[in-house]
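First the structure, in the form of structure tokens, and then the observations on it.
Throughout, a chain's letter reflects where its sequence line sits, starting with A, and its residues are numbered from 1. Excluded from the calculations below are hydrogen atoms, water molecules and symmetry mates; all remaining heavy atoms, backbone and side chain alike, are included.
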Amino acid sequence: MRGLAGLGWVVAAALAASACGGGQTRLGAVFAPEWEDDGGKSIAALQAKLASVPLAPGADAAVGVTDTGLVGVALAGGTPWTYAHSIDARPVLAGSVVVATGGGEVFALDALTGHELWKRRAAGVLRGIGDDGRTTVITFGVPGGGGSSILAVAHDGSVVRQLETPTAVGVPAVVGPYAFLPWQGQYVTVYDLSSGEEVARATLREQASRAWITGKALFFGEVGAFRFDDRIRLASANKASHVSLPTRELPGTPRWFVPGTDSLPAAADARDRIQLFARPTATGELGIEGGRFTATYFQIALGLDAKSGALAWVHTHDTAFLGGAAYAGGAALCDATGAVTMIDAASGATAGTVSLGRPVKACVVQTDAFTRSAAGAAARPLGEQLAAALALRDSEMATVQRVLLRELAAIDDEGVTRTVVELASDPRTSPLLLPDARSALAARRTGARSMQEALERRYDFLKDVLRAPPVGPIADALAGMGEKGAAPLLAQHLAEPADTSDDVKRVAAALGVLGGPSELPALKTFFALYRATVDDEQMVAAVGHAGAALLKLGGAEGRAIVQRAADDALTAGPVRDRLKELLAAKPAEAAKSDVAKPAAVKPAAAKAAAPKPAPTKAAAKK
Amino acid sequence: MQKPVIAIFAAVSVALSVATAGAAPPPHGAPAKGHATAKHAARPLDAAAATALAARLKSGDAAAIKGALDEIRLAGKSAASLAPAIDVVLRTGATPELAVAAMATAGDLGAPASSAALRPWSRHRRPELRRAAVKALVKTGGPDAVAALRDALSDADAIVRGISASGLGSLHAKESVDQLFTALDHRVPEAAAAVGELCTGAPCDKLLAKLGVLAFDIVVSGLDPMMFRPASEVTDDQKLKIVEQVRALGTADANKYLRDVQGRWPHASSAKVKQAIDLAVTATNGAIGGAP
């Protein structure tokens with residue numbers, strides 16, 4: 001605390017000095033490209049100097065952009081505040097303030113109360129801010145160029161320092177008299193606001209355009225996070241404390257941070273709906289708080305393991321998340337309705353909510369000391385969480401649902417099979433998701449009961465069942481499981497005109513594996529009806545499978561039926577060819593080459609291995 | 001029962017099928033193009049000719065089979081003994097063209113035993129084959145036909161559904177009335193006429209309650225057969241209710257229909273109903289578009 005008091009005095013002196021001059025612009029060697037790497041000496045010295053300085057906690061608050069200005073609320077709860085002003089860029093929270101621009105002005109408000117601290121002419125397009133509870137440093141992009149304008153303003157509105165530079169400076173942080181200014185993607189200049197000198201510089205070996213304080217520690221980064229600790233002196237040797245999030249398949253390739261040199265529009269866009277939220281640890285070995293981070297994709301939030309990227313939970317929300325921040329134990333995510341939802345990092349359960357009180361066009365959240373847990377709330381099993389997310393019928397969600405479906409398919413559980421069956425059966429399922437659902441179903445090896453229940457459903461115009469169940473994938477799966485009890489139901493689907501020809505083909509193949517004498521009548525009827533009426537290659541294959549099943553199950557009579565069809569000029573040419581192949585093969589070979597296919601290989605492979613007959617007349621016409 | 005003379009009512013069943021499907025199938029029972037028509041003067045078969053035709057049906061030669069089927073159709077009912085041979089063609093399978101011809105021929109012969117051979121074709125993947133099957137089943141009849149037609153009410157093809165609904169009426173399949181109401185609620189207009197042919201008691205009232213809910217032509221296509229069914233099946237009180245409710249509509253269509261019924265009313269039928277019809281016609285004269 002003593003150190004902080006001392007620093008405060010320095011800032012006060014600087015403010016006093018600048019009070020009459022209205023700020024100084026002294027670039028000197030700041031951002032000079034000829035800066036000589038001092039091996040980390042200057043930054044190490046500064047780090048040592050600041051190590052004992054306790055950093056003031058930031059305000060735990062959410063701020064939204066409305067049609068008339070800003071609205072804010074403390075995450076702890078309370079009455080939302082409002083502030084009327086035009087807004088032309090995304091407001092930024094840091095320390096105890098929120099800064100926004102509009103109508104040519106920049107202004108700072110107390111983030112918890114909305115009380116206006118100061119207002120002045122804007123120096124450009126707002127990029128980012130740093131704040132230590134006394135002084136706010138703001139970086140602006142200069143319109144028409146890549147340069148920056150940096151403004152340091154005390155909370156009483158007096159300008160401490162103003163710099164203009166052709167360098168693109170990212171999001172700053174402030175600790176006492178020092179402004180930490182990231183630039184050129186790899187440097188962090190420590191600028192002494194009182195003297196106007198660059199007193200230290202860190203060279204980072206990974207894209208870094210942001211500086212921020214959280215959990216009483218200072219970080220730099222963009223792709224990952226470097227901590228300003230005693231290893232920062234090793235930064236140029238790429239040995240600084242560093243953490244990044246694991247790479248894993250996520251829709252929309254969300255990022256932890258947008259580049260600090262970007263200015264964000266006042267209203268949220270697609271980037272805001274697809275983000276990562278993680279909180280680096282302030283002490284000890286640098287890692288991610290709680291070992292979890294959160295990914296959002298519109299109305300779905302995913303809890304992911306910070307080391308492996310493995311999915312831990314799925315939270316399905318009513319509407320798309322627009323912004324948020326991670327805190328120790330969870331993430332606070334805001335949405336267009338003005339709700340801020342606290343999601344427990346351990347379970348994905350809702351740990352609490354606060355409301356901005358009205359719909360917002362965009363929102364930002366800052367969490368520092370805030371914490372909220374849903375401990376005690378019964379966590380739903382991951383399979384159920386995934387099922388809830390997959391039940392969303394918005395086509396916008398299909399991309400993330402494909403990822404979630406793969407996660408679901410990896411769970412060996414009867415309930416999961418039921419979910420996949422429903423997904424593959426539901427006419428509202430997105431066409432983008434449906435093929436994945438069918439493939440996942442075909443690969444299942446549990447849940448035969450759910451599959452058989454699905455087989456009992458049929459297209460029925462009068463009962464408003466207007467989509468046939470996913471019979472083909474179910475046939476593959478049941479054959480893979482050797483579920484002979486399913487054969488009668490499968491056989492009934494040979495006579496379902498609404499089933500696709502691909503499904504019928506797979507049913508016929510599965511009956512070769514699962515069928516018995518009781519399926520012979522259905523096989524014979526199917527064979528008779530289609531041997532001369534096939535109109536696509538799938539049906540040619542289906543009749544071939546039925547023929548193979550007759551040879552296997554039908555004894556001499558079955559063989560005679562197949563032989564007659566093979567000799568009959570009325571039989572479609574491609575079917576005749578296939579039947580002759582089957583008749584020529586020894587029984588074991590026929591079984592190997594045809595009947596065993598659905599059980600032995602996965603659907604995609606089965607498709608590739610399917611016989612390729614010459615096109616029928618009808619197929620050729622198409 | 002007399003047939004209604006106004007085309008709009010008489011043909012509503014088929015017309016609505018066609019409109020729904022966007023294609024014009026031949027009327028029920030009519031042979032497909034290119035096939036012999038059973039309406040030609042029948043050429044009775046002798047035993048030798050029948051044996052020869054049976055052999056041609058088994059020949060495996062498409063042209064020979066087709067020719068045989070055409071000759072059987074021309075022979076009419078005298079070729080009834082060949083129905084089992086046609087069933088064999090259907091049971092062992094044939095090309096689409098031959099299958100359609102075989103089904104039409106089986107329909108012409110009208111042997112209920114053929115329904116078992118026809119039934120699987122009503123579940124064929126190709127709609128034109130399903131249509132041919134249900135058309136034939138309406139003619140062959142029997143439990144297999146009724147069961148197949150009831151299944152076919154749920155078909156994805158509107159024409160199949162329409163033919164099936166009409167067919168259930170023709171086959172007097174009273175047990176299918178509830179299903180026909182469901183079909184009617186699912187825009188199978190042909191179900192109205194079928195209900196009108198089959199209903200007794202409450203189901204008749206249920207159909208009458210559709211007046212003003214469904215299109216007039218559709219409901220009347222069901223009420224019309226009710227009007228002309230014997231009093232033992234549809235009571236005079238129910239017929240009076242129909243007349244009163246149609247009259248209450250007060251529209252030109254109502255007037256037109258009532259006048260049509262007035263013209264067709266059998267002399268021997270209920271005088272009380274006749275009087276009600278006369279009064280209803282008078283009351284609705286002057287409706288816009290109706291009689292002056």
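Applying the salt bridge (Lys or Arg N to Asp or Glu O under 4.0 Å) rule to pairs touching residues 109-122 of chain B yields B:R119-B:D144, B:R119-B:D151, sequence neighbours excluded. Screening residues 455-471 of chain A for side chain to side chain donor-acceptor pair (under 3.5 Å), with sequence neighbours left out, gives A:S425-A:R457, A:R458-A:Q492, A:R458-A:E496, A:D460-B:S154, A:D464-B:H186.
Remark: side-chain polar atoms of B:R125 are not paired, donor with acceptor, to backbone N or O of A:A498 under 3.5 angstrom. In this structure a side-chain-to-backbone donor-acceptor pair under 3.5 Å is present from A:R531 to B:T92. Remark: side-chain polar atoms of B:R161 are not paired, donor with acceptor, to backbone N or O of A:L462 under 3.5 angstrom.
Residue contact with chain A, scored on non-hydrogen atoms closer than 4.5 Å, involves the side chain of B:R130 exclusively. For A:S501, the parts lying near chain B are the backbone and the side chain together; criterion is any non-hydrogen pair under 4.5 Å.
Counting heavy-atom pairs closer than 4.5 Å to chain B, the top residue among A:P497, A:A569, A:A565 is A:P497. Heavy-atom pairs under 4.5 Å with chain B were tallied for A:T525, A:D499, A:V465; the largest tally goes to A:D499. Between chain A and the options B:P120, B:G93, B:G60, heavy-atom pairs under 4.5 Å are most frequent for B:G93.
Put simply, the side chain of A:F461 does not reach to within 4.5 Å of the side chain of B:D155, judged on heavy atoms. Residues B:L129 and A:T533 meet the side-chain proximity criterion, which asks for heavy atoms closer than 4.5 Å.
Contacts between residues 426-436 of chain A and chain B, defined by a heavy-atom separation under 4.5 Å, are made by no residue at all.
Annotation for A:E557: atom CD does not count as buried by contact number, only 12 or fewer foreign heavy atoms lying within 6.0 Å. No more than 12 heavy atoms of other residues, nucleotides or ligands shown are found within 6.0 angstrom of CZ on A:R449.
Listed here is the closest heavy atom pair of A:A532 and B:P96: O-CD, 3.4 Å.
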Would you be so kind as to tabulate the donor-acceptor pairs closer than 3.5 Å made by side chains of residues 204-215 of chain B, with sequence neighbours excluded?
from   : atom 1 : to     : atom 2 : distance (Å)
B:D205 : OD1    : B:K241 : NZ     : 3.3
B:K210 : NZ     : B:D185 : OD1    : 2.8

Chi angles and distances behind the side chain to side chain contact (heavy atoms under 4.5 Å, CB included) call for A:L570, B:D61: CA-CA 7 Å; A:L570 299 183; B:D61 178 82; over 6 Å; no

